[in-house]
Amino acid sequence: MHKIPVMADMHDTQAPADLAAELLSVTERSVERSTEDPFGNPMLSVALAIARRIESGSLSHASLVALVKHLRDAAYLDRARRLANYVGGIEGADEALAHVARRVVRPDPNDSPISFRDFQPEVERTRFAAVFTAHPTFSMPAEVGHALAEAAGGAEVSSFESHRPPSVTLEDEFDQAVAAIINGRDAIDQLNRNLLVAARDVWPDRWSDLTPRPVILTSWVGYDTDGRTDIGWWDTLRLRLRMKRLQLERVLAQLASLAGTDALQRTVTQAIEAVSNQIESCPTTQDPDGVQAFAQALITRRQEAITDPAALLPQFDAVISTADEETRLALCVIRAGLVSHSMSLAHTHVRLNATQLHNVARQRLGITDPPEDQSRRRILLSKINEALDTVQPVNIDFGTLIAEQASAARLMMTVAQVVKHIDSAAPVRFLIAETESGYTLLTALWLARLLGIEDRIEISPLFETADALEQGARILQEALRSPHYRAYLQKTGRLALQFGYSDSGRYVGQLAASYLIERLRMKIAELLARYDVKGVEVILFDTHGESIGRGAHPGSLYDRLKYLSPTKSRKALRAAGVVVREESAFQGGDGYLLFGTPALATATIARIAEHAFPRMSGPKDPVYDEQDFASDYFTTIRTHMEELVEDPGYAALLGAFGPALIDKTGSRPAARQSDGAVGRPQISHPRELRAIPNNAILQQLGWCANSIHGIGAALIRHPETFDDLYQNSFRFRRAMNLAEHALRHSDLDVLRAVVATFDPTTWLDRAAHERETDQRKTKALMLVAKAVERLGLAAVTQAMFRRIQVDHLQLRAGWSDAPRMTMRERLLHALRLALIHRIWLLETEIPDFSPRHGVTRQALEALILRLEIPLALNLLSQVFPPAPDPAVERDYFEPSTERQGSSYAHEHATIFQPMSDMFDLVREIGTAISHEVGAFG
């Protein structure tokens with residue numbers, strides 16, 4: 001875990017709570033004064049007041065550390081309280097599960113129970129899946145996240161030196177996912193137990209025939225290769241085998257106390273031993289000897305390891321038939337968990353990018369036409385359909401995997417090996433990011449058919465770009481025109497679709513993305529009917545996250561599920577006879593918090609169960625009677641957000657020092673960024689950042705643009721309709737609740753202060769107001785002004801700020817009671833600005849040096865202005881070594897005049913170390929702001 005260095009400085013002894021109260025008062029007075037002074041900037045004023053205390057020595061670094069820790073911990077405690085409220089409270093979750101079960105048996109308490117024939121398919125069909133993904137949102141150390149989850153349940157809040165995340169590996173992500181999944185599985189067992197008990201009360205002779213599975217868990221941790229090359233096929237297989245062993249160990253532990261299960265326990269124990277041997281044999285490279293030994297263990301011990309839960313069911317049935325009632329109930333719950341999750345603790349999703357599939361078709365089939373070329377699209381589709389006409393399955397082995405160079409083919413082969421040797425019962429979801437053509441789906445189908453696993457894989461396009469969401473119906477239609485694709489759907493019985501909120505939200509705005517996704521959902525039934533596809537379950541997977549920046553509703557889990565799956569679209573699909581399974585992502589450290597303790601997991605599953613067995617009654621939502629308003633409102637938001645994204649000032653703002661404000665929060669490489677000897681290149685467009693860092697930077701800059709920009713322009717066009725729907729439409733109000741949360745963490749003065757920091761005039765104005773006697777300080781400020789001038793960001797960021805300001809003025813004019821940022825969060829931003837300004841001023845004290853180690857004085861200056869402090873300090877240590885070369889002190893056996901060894905201990909003590917300490921505190925403030933927002937990115 002990171003440590004916050006505390007320099008020995010006893011200039012002040014003010015308690016952190018008192019200091020916080022004083023500075024909060026300063027912040028509040030500054031904000032109040034700004035209402036009378038339109039030309040002032042309250043955040044710059046507070047930052048300047050803090051900076052002057054630091055410079056005078058009246059505010060020591062030790063006190064700053066204590067102050068930040070105090071503010072951070074207060075935000076952390078508030079976050080814990082919100083987490084408990086988010087899941088509907090911790091207390092009462094058990095009774096909520098029982099209530100859901102009773103309602104399924106007897107939908108109307110005044111009527112008789114439904115028939116067993118109707119009840120069985122209601123509970124034996126999977127209605128909802130919680131998907132654990134490993135996106136880089138592990139923004140806290142695991143122990144800090146666990147303590148947060150415990151605090152949500154009422155435990156005493158733990159104190160930690162730092163909340164900054166450590167370096168996170170794939171193994172760390174897997175371990176955290178497993179811990180959350182285990183809690184989730186326990187909660188699902190409680191749900192299934194309640195369903196069985198409710199059935200037993202009504203059908204005492206038949207209830208044990210049931211295998212309930214309405215809610216399941218799924219994971220792509222270790223299997224997601226979209227945008228990363230550091231996960232080898234051996235990593236995926238090793239982690240998948242561990243998930244299998246965890247499932248078997250879970251079953252064994254549950255059987256341990258049950259009478260009459262000795263034979264069953266022996267079978268499971270033997271399977272665990274076989275799987276353990278397979279895991280131990282799994283290679284860590286493509287070394288042929290290691291791979292050969294692994295293949296031998298996987299294949300020769302396949303039968304012992306059990307690849308289908310059906311192999312265990314006869315033993316379960318035999319014990320259940322003779323057991324007492326409580327043992328029967330326990331066995332039925334265990335059986336349900338086994339059957340619903342097959343040979344894994346959670347179902348399996350793999351993921352790759354559409355481009356990787358297109359590369360396979362180019363290499364194997366010679367199809368070179370780019371899918372994005374509309375003029376060649378018909379020819380392209382014709383060629384892939386011809387390939388599907390003639391493709392014949394081939395046999396592969398691990399030698400084939402070693403030899404394969406194409407990443408998409410390698411991933412599909414890995415899936416084939418899972419299906420053959422690890423779990424032959426559960427289909428594997430094959431998610432395809434950035435799908436913008438039906439050709440992509442047909443290519444995946446061709447590859448699956450080539451490898452003989454067409455019926456064991458669920459090909460799922462991810463609609464995430466603005467174009468994909470708007471053209472999603474066309475993309476599906478291109479695939480549905482193929483008889484091969486229609487036959488595939490009929491054969492597997494499922495159409496799996498994935499909706500992304502990250503790229504769509506950051507390019508068109510989260511509210512506009514939600515509208516586009518709902519519109520696409522409502523077109524699905526029409527498409528299936530048009531192409532006479534019947535009896536196919538539609539899986540709708542929403543890959544949002546826990547942050548507004550990722551499209552998650554901030555109000556409650558209940559609201560989040562309703563927001564992602566509005567009642568109107570659910571009714572439309574049901575009326576069309578379409579059976580729907582919903583799936584929802586729980587992303588990284590933030591998402592796992594909802595399963596962070598058994599109590600939180602139970603409350604989360606209770607809310608999911610209530611959503612999975614909905615009551616479709618309720619008044620008609622008036623927003624659907626205002627189609628012209630809805631279309632215009634959300635299109636206006638989209639238009640303005642797209643214009644902002646293309647504004648060069650927006651990219652400049654995101655890339656200036658934004659990436660340096662956040663720690664790396666996952667194992668996934670930031671592929672769209674690069675680190676070199678002189679730092680990362682300046683970004684020219686937001687697409688060069690990944691979605692999560694993009695969102696996190698906006699939160700750290702105090703302006704959640706992707707959730708609020710464009711609302712002002714949209715609102716001002718229809719103020720009366722806005723007011724009416726805000727009051728009377730659940731659907732519209734939930735959308736605006738997301739914007740409300742964004743507004744609570746957005747402040748125009750904070751953003752203005754950041755933009756002003758890149759303006760040389762700000763620094764020259766400050767220099768003009770310094771005391772005439774302090775010429776050294778004045779000179780330093782003028783040097784910063786000159787350095788900032790060289791960055792050249794002032795003009796474009798100010799123009800971008802005016803664009804944002806106009807929209808926000810319109811928003812406030814039409815929505816006067818819209819929320820505002822709290823004083824505590826404003827103080828955190830001001831504190832960080834003061835530290836950044838101080839770092840920049842320290843940079844002017846670095847002695848001049850000749851170009852060396854591949855860096856010039858100006859290049860180093862640019863690094864520090866962009867807050868690439870660790871890299872800058874590393875270079876500075878080479879240019880200005882902290883101690884003389886030890887070689888100087890040796891005896892060289894002849895007289896010598898005094899040797900001059902270079903030492904810059906003074907510079908390290910007075911410039912470099914303080915710069916490092918302050919930068920650590922800048923990052924620590926970032927964790928506090930994440931707590932305030934309630935999620936990362």
Pair Arg734, Asp621 - check salt bridge (charged side-chain N to carboxylate O under 4.0 Å, His left out), show working. CA-CA 12 Å; Arg734 285 195 179 99; Asp621 196 309; over 6 Å; no
Return yes if a side-chain donor-acceptor contact under 3.5 Å exists between Glu688 and Ser684, otherwise no. yes
Please determine if Arg550 and Glu546 form a salt bridge, counting it only when a charged side-chain N lies under 4.0 Å from a carboxylate O. no
From the list Leu791, Ile836, Val922, side-chain contact (heavy atoms from CB on, under 4.5 Å) partner of Phe657 resolves to Ile836
Could you walk me through whether Asp590 and Arg79 satisfy the salt bridge (charged side-chain N to carboxylate O under 4.0 Å, His left out) test, starting with their C-alpha distance in whole Å, then the side-chain angles of each, then the deciding distance to 0.1 Å, before giving a yes or no? CA-CA 11 Å; Asp590 291 338; Arg79 184 177 181 180; 3.0 Å; yes
Between His640 and Asp807: side-chain donor-acceptor atoms closer than 3.5 Å: no
For Ser547 and Gln699, which I'm curious about, is there any donor-acceptor pair between the side chains at under 3.5 Å? yes
Taking the side chain as every heavy atom from C-beta outward, state whether Leu748 and Ile804 have any atom pair closer than 4.5 Å. yes
Hey, does Ile708 have a side-chain heavy atom less than 4.5 Å from the side chain of Trp703? yes
Evaluate the criterion side-chain contact (heavy atoms from CB on, under 4.5 Å) for residue pair Ile517 and Leu469; output intermediate values, then yes/no. CA-CA 6 Å; Ile517 289 169; Leu469 290 176; 3.6 Å; yes
For the pair Ser460 (side chain) and Ala496 (backbone), establish whether a donor and an acceptor sit closer than 3.5 Å, ignoring hydrogens and angles. yes
To the closest 0.5 Å, what do you measure between OH (Tyr563) and CZ (Arg731)? 6.0 Å
Quick one: are Ile548 and Gln510 in side-chain contact, heavy atoms under 4.5 Å? no
Tell me, do Leu431 and Asp226 make a side-chain contact under 4.5 Å, heavy atoms counted? no
On the 0 to 90° scale, with breaks at 30° and 60°, tag the Trp220-His135 ring pair as parallel, tilted or perpendicular. perpendicular
Locate the shortest heavy-atom distance separating Asp749 from Pro42; write the atom from each residue and the value. OD2-CG, 3.3 Å
Could you check whether Arg521 makes a cation-pi contact with Phe463, meaning its NZ or CZ is under 6.0 Å from the centre of the six-membered ring and within 45° of the ring axis? no
So, does Arg82 use its side chain to make a donor-acceptor pair with the main chain of Glu932 at under 3.5 Å? yes
Using only heavy-atom distances, determine whether the side chains of Gln587 and Thr137 contain a donor-acceptor pair under 3.5 Å. no
Nearest-0.5 Å distance that lies between atom OH in Tyr86 and atom CZ in Arg607: 12.5 Å
Backbone of Val933 reached by a side-chain donor or acceptor of His741 within 3.5 Å: yes
If we count only N and O atoms by modelled type, under 3.5 Å, do the side chains of Ser502 and Arg690 hold a donor and an acceptor together? no
Could you tell me whether the side chain of Glu582 and the main chain of Leu540 form a donor-acceptor pair under 3.5 Å? no
Residue pair Phe758, Phe801: steps toward the ring-ring contact (aromatic ring centres under 6.0 Å, His included) verdict: CA-CA 12 Å; Phe758 295 107; Phe801 178 78; over 10 Å; no
Look at Glu28 together with Arg826 and state whether they make a salt bridge at an N to O cut-off of under 4.0 Å. no
Between the side chains of Thr465 and Glu436, is a donor N or O closer than 3.5 angstrom to an acceptor N or O? yes
Give me the atom names and distance for the closest heavy-atom approach of Pro461 to Leu497. CG-CD2, 3.8 Å
Compare all side-chain heavy atoms of Thr543 with those of Glu464 and state whether any distance is below 4.5 angstrom. no
Take Phe629 and Phe722, measure what ring-ring contact (aromatic ring centres under 6.0 Å, His included) needs, and give me the verdict at the end. CA-CA 9 Å; Phe629 163 81; Phe722 173 89; 7.7 Å; no
Report the C-alpha distance between Ile637 and Ile711 in whole Å, list the side-chain angles of each, state the deciding distance to 0.1 Å, and finish with yes or no for side-chain contact (heavy atoms from CB on, under 4.5 Å). CA-CA 6 Å; Ile637 291 173; Ile711 292 177; 4.0 Å; yes
Gap separating the CD1 atom of Ile432 from the CD atom of Gln498, nearest 0.5 angstrom: 9.5 Å
Got a donor-acceptor contact below 3.5 angstrom from the Lys664 side chain to the Gly666 backbone? yes
All ring-ring contact (aromatic ring centres under 6.0 Å, His included) counterparts of His709, not counting sequence neighbours: none
Value for CD (Glu36) from OG (Ser34), rounded to nearest 0.5 Å, stands at 9.0 Å
Mind checking what makes ring-ring contact (aromatic ring centres under 6.0 Å, His included) contact with Tyr76, not counting sequence neighbours? His163, His931
Option among Ile692, Asn695, Ile929 that satisfies the side-chain contact (heavy atoms from CB on, under 4.5 Å) test with Phe936: Ile692
Heavy-atom pair of closest approach, residues Val623 and Phe732: CG2-CB, 4.3 Å
Decide yes or no on ring-ring contact (aromatic ring centres under 6.0 Å, His included) for Tyr633 and Tyr515, but give the supporting numbers first. CA-CA 10 Å; Tyr633 185 85; Tyr515 172 71; 9.6 Å; no
Side-chain donor/acceptor of Asp542 to backbone N/O of His544, under 3.5 Å: no
Nearest heavy-atom approach of Asp503 to Glu434 is OD2-OE2, 4.5 Å
Less than 4.5 Å apart, any side-chain heavy atom of His718 and any of Glu626? no
Side-chain donor/acceptor of Ser565 to backbone N/O of Lys562, under 3.5 Å: no
Is Ser30 close to Met43 at the side-chain level, that is, under 4.5 Å between some pair of heavy atoms? no
Within the side chain of Ser631, is there an N or O that forms a donor-acceptor pair under 3.5 Å with the backbone of Gln627? no
If you take all heavy atoms of Asp724 and Asn728, which pair is closest and at what distance? OD1-ND2, 2.8 Å
What distance do Arg832 atom CZ and Leu827 atom CG have between them, rounded to the nearest 0.5 Å? 12.0 Å
Leu661 vs Leu701, test: side-chain contact (heavy atoms from CB on, under 4.5 Å). Steps then yes/no. CA-CA 9 Å; Leu661 297 179; Leu701 296 178; 4.0 Å; yes
Rounded to the nearest 0.5 Å, how far does OG of Ser437 lie from CD of Gln374? 8.0 Å
Check whether more than 12 heavy atoms from other residues, nucleotides or ligands sit under 6.0 Å from atom CG of Asp628, and answer yes or no. no
Do Met140 and Leu593 come within less than 4.5 Å of each other through their side chains, counting heavy atoms only? yes
Side-chain ion pair, Asp559 and Arg733, N-O less than 4.0 Å: no
Show the nearest heavy-atom pair for residues Leu561 and His611, with the distance to one decimal. O-CE1, 3.4 Å
Given 3.5 Å as the limit, does a donor-acceptor pair link the side chain of Thr35 with the main chain of Glu32, or not? yes
